[in-house]
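Just below is one structure, and these are the notes that go with it.
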Amino acid sequence: MREITYLEAVREAMSQEMRINEDVFIMGEDIGVYGGAFGVTRGMIEEFGPERVRITPISEAAIAGASVGAAMTGMRPIMELQFSDFITIAMDQLVNQAAKNRYMFGGKGKVPMVVRTPSGSGTGAAAQHTQSLEAWVAHVPGLKVVQPSTAYDAKGLLKAAMDDDNPVVFYEHKLLYKASGEVPEEQYSIPLGVADVKREGTDVTIVATAIMVHKALEAAAELEKEGISVEVIDPRTLVPLDTETIIKSVKKTGKCIVVHEAVKFGGFGGEIASIIAESEAFDYLDAPIRRLGALWIPMPYHPEMEKAAIPQVPDIIQAVKDTVAFR
Amino acid sequence: MREITYLEAVREAMSQEMRINEDVFIMGEDIGVYGGAFGVTRGMIEEFGPERVRITPISEAAIAGASVGAAMTGMRPIMELQFSDFITIAMDQLVNQAAKNRYMFGGKGKVPMVVRTPSGSGTGAAAQHTQSLEAWVAHVPGLKVVQPSTAYDAKGLLKAAMDDDNPVVFYEHKLLYKASGEVPEEQYSIPLGVADVKREGTDVTIVATAIMVHKALEAAAELEKEGISVEVIDPRTLVPLDTETIIKSVKKTGKCIVVHEAVKFGGFGGEIASIIAESEAFDYLDAPIRRLGALWIPMPYHPEMEKAAIPQVPDIIQAVKDTVAFR
Amino acid sequence: MTVAWKLPEMVTEEKLIELYHQMWVIRFFDEKVDEFFAKGMIHGTTHLCVGQEATAAGVGALLTKEDKITGTHRGHGQCIAKGAEASRMMAELFGRATGYCKGKGGSMHIADLETGNLGANGIVGGGIPIAVGAALTSKMKNLGYVTVSYFGDGASNEGSFHEAVNMASIWNLPVIFFCENNQYGMSGPVKEMVNIENIADRAVGYGIPGVVVDGNNIFDVMLATEEAVNRAKRGEGPTLIEAKTYRYKGHSKSDGKKYRTREEEMDWRKNRDCIQFLEKALIEKGLITVEKARELEADAKKVIEDAVEFALNSPHPSMDTLEEDVYA
Amino acid sequence: MTVAWKLPEMVTEEKLIELYHQMWVIRFFDEKVDEFFAKGMIHGTTHLCVGQEATAAGVGALLTKEDKITGTHRGHGQCIAKGAEASRMMAELFGRATGYCKGKGGSMHIADLETGNLGANGIVGGGIPIAVGAALTSKMKNLGYVTVSYFGDGASNEGSFHEAVNMASIWNLPVIFFCENNQYGMSGPVKEMVNIENIADRAVGYGIPGVVVDGNNIFDVMLATEEAVNRAKRGEGPTLIEAKTYRYKGHSKSDGKKYRTREEEMDWRKNRDCIQFLEKALIEKGLITVEKARELEADAKKVIEDAVEFALNSPHPSMDTLEEDVYA
Ligand SMILES: Cc1ncc(C[n+]2csc(CCOP(=O)(O)OP(=O)(O)O)c2C)c(N)n1
Ligand SMILES: Cc1ncc(C[n+]2csc(CCOP(=O)(O)OP(=O)(O)O)c2C)c(N)n1
Ligand SMILES: [Mg+2]
Ligand SMILES: [Mg+2]
């Protein structure tokens, strides 16, 4: 199969959908000839024109709010939030409006919109441009939350997100944009709420999200050499969360490590770990569930510090070894 | 000792501090003759005048941002955010500015500000006025987060928050405003980061926050009749979190329940439960740690539904019984 | 107050009499709510528009069912004027299954998508960008409808107002930003919360027309709205209308109204009441008699009594529905 | 461009020559950064103000050390003009321990509280409310300083701008909202992102003066700033100044500049360059000779070379400091 990048997969998912569905359009800052801050929409304004690839003022609250209003009245907007850190400005529209509308109105109306937004560190962009704040939105009933880790998943999950009749926050990891993989040319959909076992194993389960999936896989490859068999699960969507697949794996391995790039304290890892520990997997647990996440600091600019702020492959390897060695 | 309400305790803490510290002032919507949406600041403008009890336009981003700027330049602002749900509008200033300033600047400057804000349901104010979003801010390095459950704690913790040189988000629970308790007349400070054992017990630990502390205590009283001894721990501050006290208790009881009013999924309870399970208390755990929190719904208006959306005393009792009966 | 006695094309004299009736319906609705609230029969919170009926009625008169509105927390009048039934609104306030939100939303969230009401809003300024989105749909799909976004004087200080109006302006969207300036944002006097004479002056910053009208004069409201609707439908973009009005009641429950004088309130109540104004105009013009006016008033009262009866006789929602309606 | 040759009281002819030198320092600083960035020696991202030097220098000339600024992502010039040392700035960009942020902040977060620089900002519009707060301190403590908030044309569409300016206006705060309108917000042409001729026109919505100046004419910038500073210090409140200017470079790294024409860029570079403009004025006035101009230019270059040397010779921060500085 042909290989394309994660970035191209995202673009292709949008473009293919826009070709067949007039209601889908995209709006955001600099998504026209500039192609968006990361080039995701490059070429789209040329194909779809400025009405459907709509450059906005620097007004995140209005972009989100206009998406809500457009979605409520029959369009299916995709909004590109230039950096996921700027969700701080769009938060009211996403949380108090998009997420709650339908319920508050007693089940009337729907808000089919996708918020596409790049997150994560590794670019040297410092504290205001590198956050992983998915835990916030994953705590809000009414929203769905997607975090693809591969080009294949990105395309299929974005299709599902665009098809969904609810507001979906779709996190793209900046460092994954250039990662390539096999991606079918035709449209396909990966249902929201279905985790993917990225690698099967028997000794330890690692639940990892976004870029940490790749680090976990690297760690697993290393650990295999030492005879430790690691299963790597990528939830792919935090809301809905495929707890079944995760719990099943932990019941099998009896050991679990949760890894995300977001700050560990208060991060979504706590939810995953707690769900496992609350489940029937509790009885199978041979060691505490360890969580790996970023340190309790804003993201530093210095490249070495930036790396040290978040879990790296050796940290994962160490955590697995500690867990395996437990008791 | 004299009894005053939680609301009066908050007001007294502010007023006493404002009498001795010229740098402290309060700003927010309707905090003047109106006394604030819940009457917390009633009488303060009369005592301190409109310069120091500063009525703002309905501009949450600017209120927060002006607080940041004032704090950076030598004042010690208290901002009253009329409902904690509106933090959605102030989020950028709190998270991307107040919390990160000092670190981004390499340890220069400080942002001594307090965000006082009422949270919680039970007032019939529906989905946009009843949230408990403390998990968001507790995930942000640079912020501190306080959730007092009693009048005594409210006064002492607010004093500590006002004395702190960092941005502190101080959650007041609406339904606790009228709760009274013994409160010393003089100023006193309760250090941030010290949990309080609200009731000692030996069979199960309940870690509960804000209004859930009271429900947990009620449940404990009930359970005592059935011979179950419950220890109730109120962390009082989520950041910093007194993990030591919590872990010590769970090591003693071997069983733990975490209760908060916030939506269970993605809530701060996951952090507490995970920290316990990651700690040396793991070996002492005789049953899975159960978390109780709100359902995965926006808060409904209907009074019965509103009650059913969050944990109530019988839910806590049931959870304790299930936990005690485990295996 | 003077009566121009010029009516928009869309508004016949008959329709005007209906509007008079509607204003009474709105007033009685909110007075009833006030009463039940005081009695503890309605819970939560509520914001009454008593005294402001001419803005909602005047705007509503110019809108068709296809047109949309986004409302405010003080939205009962806006809903009724857009075609909502008082009975289902009242049922909502009583938290009944027959309410517009099946008891899940309450006063601040009444929505009626079928009549183009995209929802009241508990967030000050929250509906303004949403209206821009609704207008965007109209433009992109060529649907020809306009969207009116109601908001208060206080809301005009929210960033959402600024961002939304600018966006609508550069995209020439068919939307009307309708500011109900009732002199106060909760307790904040507009005179102290902005440093300008008129909220409408803000239009300058967006390159759109800004119009000030007497919000208690329904003719003024209608004529300004008509012009804005026509402008929007011609594809010329948004208009900012500011209607000066006054709320008779407190901001919401338990408001001592210390931030204003009793004299000021009485002046508006006695000398500038919007219903009295229209009534006088109708009678002077010979469209109705005093008796007819009383009849219409009585009928409106009856509408609300029926609404109350409907509400009180409606079932509470089943607790089984608690976790429904989160996702589509 | 015409030279008024009127100088603010605070600015002597000597100072003007210093400003000319400073503008070169700013330009060389950013050109050096551009170079190192292209070579991969500086990482992260950076936003250069090449072409816009007169705004920072012109504003900075009117400020004392006690006065404060809040800057933008395009803030190197703003920092230098407020008194920051190029060496410690360069060190910051190289992530060194001697940098203004000890390597933790980088280009977008340079702050120097000692010289009144409350920090550049990576959030568009993020510094505007902060400036209001700093101005509030000045007023409440009677400190007499003014605060300047720099922001871009693009930033003027953020809600934070609106909320902050309104607040400053009603409280009569000593703050200057200084808009560097360089025609684009990233790729968004200001002409398409607002529907008005001048960002300064927005002042009408807040009841404060709005002034448009030629941002490449340092005299204009200084005179407008002087008036605004005086107004602020007299307690008369904020001013909105819009300086029309242009950035020669792309928005940040890897910008194909497809959103504008090469001709437009060349026109600004050739015919409206702010340094050339001042140079010509100084020479015409006989304050410096051409040779002196070259000398000053060369000296500025040297300042930057020294800064680079300082930076490159500076140690990296110890990894032990990683978790420091979160809390005071
Ligand atoms: C974002 C936000 N801030 C504050 C509030 C609390 N609040 C509700 S209504 C109101 C006053 C609104 O004033 P205005 O916009 O003039 O409308 P009015 O109530 O006068 O109709 C306030 C402060 C809110 N609901 N939302
Ligand atoms: C809130 C926010 N939105 C978007 C961005 C991304 N961004 C950085 S600079 C910029 C353009 C800013 O334009 P303007 O205010 O005119 O300043 P200029 O870059 O032209 O100096 C954008 C969109 C950001 N940093 N913050
Ligand atoms: Mg008002
Ligand atoms: Mg610009």
Where on A131(D) is there a heavy atom nearer than 4.5 Å to chain B: the side chain, the backbone, both, or neither? neither
T147(D), N166(D), T137(D): which one forms the most heavy-atom pairs within less than 4.5 Å of chain B? T137(D)
Options M108(D), H162(D), H109(D), ranked by heavy-atom pairs under 4.5 Å with chain B, top entry: H109(D)
Report, as yes or no, whether the 6.0 Å neighbourhood of atom CD on E309(D) holds more than 12 heavy atoms from other residues, nucleotides or ligands. no
Do K253(D)'s NZ or CZ and the ring of F37(D) fall within the cation-pi criteria of under 6.0 Å and 45°? no
I'd like to verify something: which residue of I123(D), V132(D), I110(D), L113(D) has the highest number of heavy-atom pairs under 4.5 Å with chain B? I123(D)
When you measure from the centre of the six-membered ring of F36(D), is the NZ or CZ of K32(D) under 6.0 Å away and within 45° of the axis? yes
At a 4.5 Å cut-off on heavy atoms, which part of D112(D) comes close to chain B: side chain, backbone, both, or neither? backbone
Measuring heavy-atom distances to chain D, does E22(B) have an atom under 4.5 Å in its side chain, in its backbone, in both, or in neither? neither
L136(D) portion near chain B, given a 4.5 angstrom heavy-atom threshold: side chain
Answer yes or no for R116(B) and F170(B): cation-pi contact, defined as NZ/CZ to six-membered ring centre under 6.0 Å and angle to ring axis within 45°. no
Determine yes or no for a side-chain-to-main-chain donor-acceptor pair under 3.5 angstrom, with S318(D) supplying the side chain and D320(D) the backbone. yes
Y145(D) ring centre to K68(D) NZ or CZ under 6.0 Å, with the angle to the axis within 45°? yes
Largest heavy-atom contact set with chain D, pairs under 4.5 Å, which of E60(B), Q97(B), K110(B): Q97(B)
Under 6.0 Å from the NZ atom of K65(D), do we count more than 12 heavy atoms belonging to anything else shown? no
Yes or no on ring-ring contact (aromatic ring centres under 6.0 Å, His included) for F86(B) and H129(B), after CA distance, side-chain angles and deciding distance? CA-CA 8 Å; F86(B) 312 155; H129(B) 285 74; 5.4 Å; yes
Q93(B), part contacting chain D, at a heavy-atom distance under 4.5 Å: side chain
Atom group of I170(D) that falls short of 4.5 Å from chain B, counting heavy atoms: side chain
In terms of heavy-atom pairs under 4.5 Å, which option from G105(D), G103(D), G127(D), A111(D) contacts chain B the most? A111(D)
Do you know which of V165(D), L322(D), I128(D) has the most heavy-atom pairs under 4.5 Å to chain B? L322(D)
How far apart are the C-alpha atoms of F83(B) and F38(B), what are their side-chain angles, what is the distance that settles it, and do they pass the ring-ring contact (aromatic ring centres under 6.0 Å, His included) test? CA-CA 10 Å; F83(B) 282 78; F38(B) 293 89; 5.3 Å; yes
Please check if any side-chain donor atom of K155(B) sits under 3.5 Å from a side-chain acceptor atom of Q16(B), or the reverse. yes
Against chain D, label D23(B) side chain, backbone, both or neither, depending on which of its atoms sit under 4.5 Å from a heavy atom there. side chain
Which one of K100(B), R54(B), K144(B) has the most heavy-atom pairs closer than 4.5 Å to chain D? R54(B)
Side chain from CB out, backbone as N, CA, C, O: work out which of these in L143(B) comes under 4.5 Å of a heavy atom of chain D, or both, or neither. backbone
More than 12 heavy atoms of other groups within 6.0 Å of E236(D) CD: yes
Quick one: of S67(B), S59(B), A61(B), A64(B), who has the most non-hydrogen atom pairs under 4.5 Å with chain D? S59(B)
Counting heavy-atom pairs under 4.5 Å with chain B, which one of E324(D), K141(D), K139(D) comes out on top? K141(D)
